[in-house]
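Working notes for the structure below.
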Amino acid sequence: MKTMKILVFFFCCLSLRSALSSHSRYDAIFNLGDSHSDTGNYPLTEATAFLVIKSLPYGETFFRRPTGRCSDGRLIVDFIAEAFGLPYLPPYLAVAKGARVRTGVNFAVTGATAVDPSFFYAQKIGQQLWTNDSLSVQLGWFKNLKKSLCTTKQACDEHFKKSLFMIGEIGENDYMFSLLSGRSIKQLRAFVPLVVGAITRAISVLIEEGAVDLMVSGQLPVGCTSMFLTVFQSTNESAYDKRTGCLKAYNAFFKYHNNYLKQKLQNLRQQYPHARIIYADYYGVAMSIYRSPKHYGFYGGTPRACCGGGGPHNFNTTAVCGQIGATPCKDPSAFADWDGIHFTESAYHHIAKGLISGGFTSPPLLS
């Protein structure tokens, strides 16, 4: 079984690269987001809320060492970089004062919010935040980096028109920290315009700075994660989707965010007709995994975390992955859920494949 999964993984990677072979590739990728795409910024900050990612088993599958990624291996952004023949994106904080990197940089930070931290402190929930490096901070980093990449508008335009800008996933933490502080789903609905507004303003800034191709991701079906299923468990059977076991109300909320975001992206397309603004349906491609896990080789049971401290979904707030009392599964490729919040490398690979060649981007990434 394991040999078969390795072969499937190998041929999937080949299919991604062959799908791109007939298309002009990007010369660089610039990424902003949170833990689903952070390739190492968080450990280089002064934040201390999630230091477990600095140690194994994080990174055990591919890199064989912790890299600051919140998974056992590669992330969506890594697979997209591979597919376009580009190096893995270095974290901005590792190269900010070093040599010029023209093939792309990653500004994402684990725990980052779309909305500035001052909002959360005003709401008396700032103590929940893992970092103050929100989307606006990451935009500031990009502007600082830009000075080292090009010195004239013409040079910048030339470089950025051959670059892919990835925005997101971002916003999940805005909602998660609010929910963990006792806010209801109804209260969060009023918060959606603020979160989406922060995302669309960031897109506008990037376009004004020269970005042409931008891929903006929606929210994932967080109601399927082991953390949500544990922390927000219900005794009411009707709260769960019968096919997937996911929490219906929470997933409905994240779909609401996505629909609102898509409306605002359409407005941006009208405002910036020269830009190519791509919506990445993270929700749709991830749900295809939850609906048919065995089709993708996930026999470990979903929703259930590979690495955790026990319980029905192998998620325990007193022993999260990387802490004493938590252990990783023997075969992460058999699981979609890595640590209760993030995906395994194998799941991230399938999501990346869906975005690149599976019809989960609009307009299509390869067009």
Side chains of [X] and [Y]: do they bring a donor and an acceptor to under 3.5 Å?
{"X": "Y290", "Y": "D241", "result": "no"}
{"X": "N236", "Y": "S234", "result": "no"}
{"X": "S37", "Y": "N31", "result": "yes"}
{"X": "S333", "Y": "D331", "result": "yes"}
{"X": "D72", "Y": "T344", "result": "no"}
{"X": "Y296", "Y": "S288", "result": "yes"}

[atom1]/[X]: more than 12 non-hydrogen atoms of other groups inside 6.0 Å:
{"X": "K146", "atom1": "NZ", "result": "yes"}
{"X": "Q270", "atom1": "CD", "result": "yes"}
{"X": "E237", "atom1": "CD", "result": "no"}

What about [X] and [Y], are their ring centers closer than 6.0 Å?
{"X": "W338", "Y": "Y348", "answer": "no"}
{"X": "F142", "Y": "F160", "answer": "yes"}
{"X": "W141", "Y": "Y92", "answer": "yes"}
{"X": "Y250", "Y": "F232", "answer": "yes"}
{"X": "Y175", "Y": "F253", "answer": "yes"}

With a 4.5 Å heavy-atom cut-off, do [X] and [Y] have their side chains touching?
{"X": "F165", "Y": "V212", "result": "no"}
{"X": "I53", "Y": "F50", "result": "yes"}
{"X": "F343", "Y": "D337", "result": "no"}
{"X": "L268", "Y": "S204", "result": "yes"}
{"X": "I29", "Y": "L89", "result": "yes"}

Got a sec, which residues hit salt bridge (Lys or Arg N to Asp or Glu O under 4.0 Å) with K54, two or more places apart in sequence or on another chain?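 Once residues adjacent in sequence are excluded, K54 has no partner under the salt bridge (Lys or Arg N to Asp or Glu O under 4.0 Å) criterion.
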
With sequence neighbours left out, write down each residue that passes ring pair (Phe, Tyr, Trp, His ring centres under 6.0 Å) with F360, or none if nothing qualifies.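 Residues passing ring pair (Phe, Tyr, Trp, His ring centres under 6.0 Å) with F360: none at all.
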
Under the side-chain contact (heavy atoms from CB on, under 4.5 Å) test against I80, which residue among I76, D78, V77 passes?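 The single option meeting the side-chain contact (heavy atoms from CB on, under 4.5 Å) with I80 is I76.
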
Nearest 0.5 angstrom please: H257 NE2 to K262 NZ, how far?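 Between H257 NE2 and K262 NZ, I get 10.5 Å after rounding to 0.5 Å.
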
Cation-pi between R25 and F84: NZ/CZ under 6.0 Å from ring centre and within 45° of the ring axis?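 Because its charged atom misses either the 6.0 Å distance or the 45° angle limit, R25 does not stack over F84.
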
Using a strict 4.0 Å threshold on nitrogen-to-oxygen distance, state whether E60 and R64 make a salt bridge.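 So E60 does not pair with R64 through a salt bridge.
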
What do you reckon, C329 and C306 SGs under 2.5 Å?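 Judged by the SG atoms alone, which are under 2.5 Å apart, C306 and C329 are bridged.
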
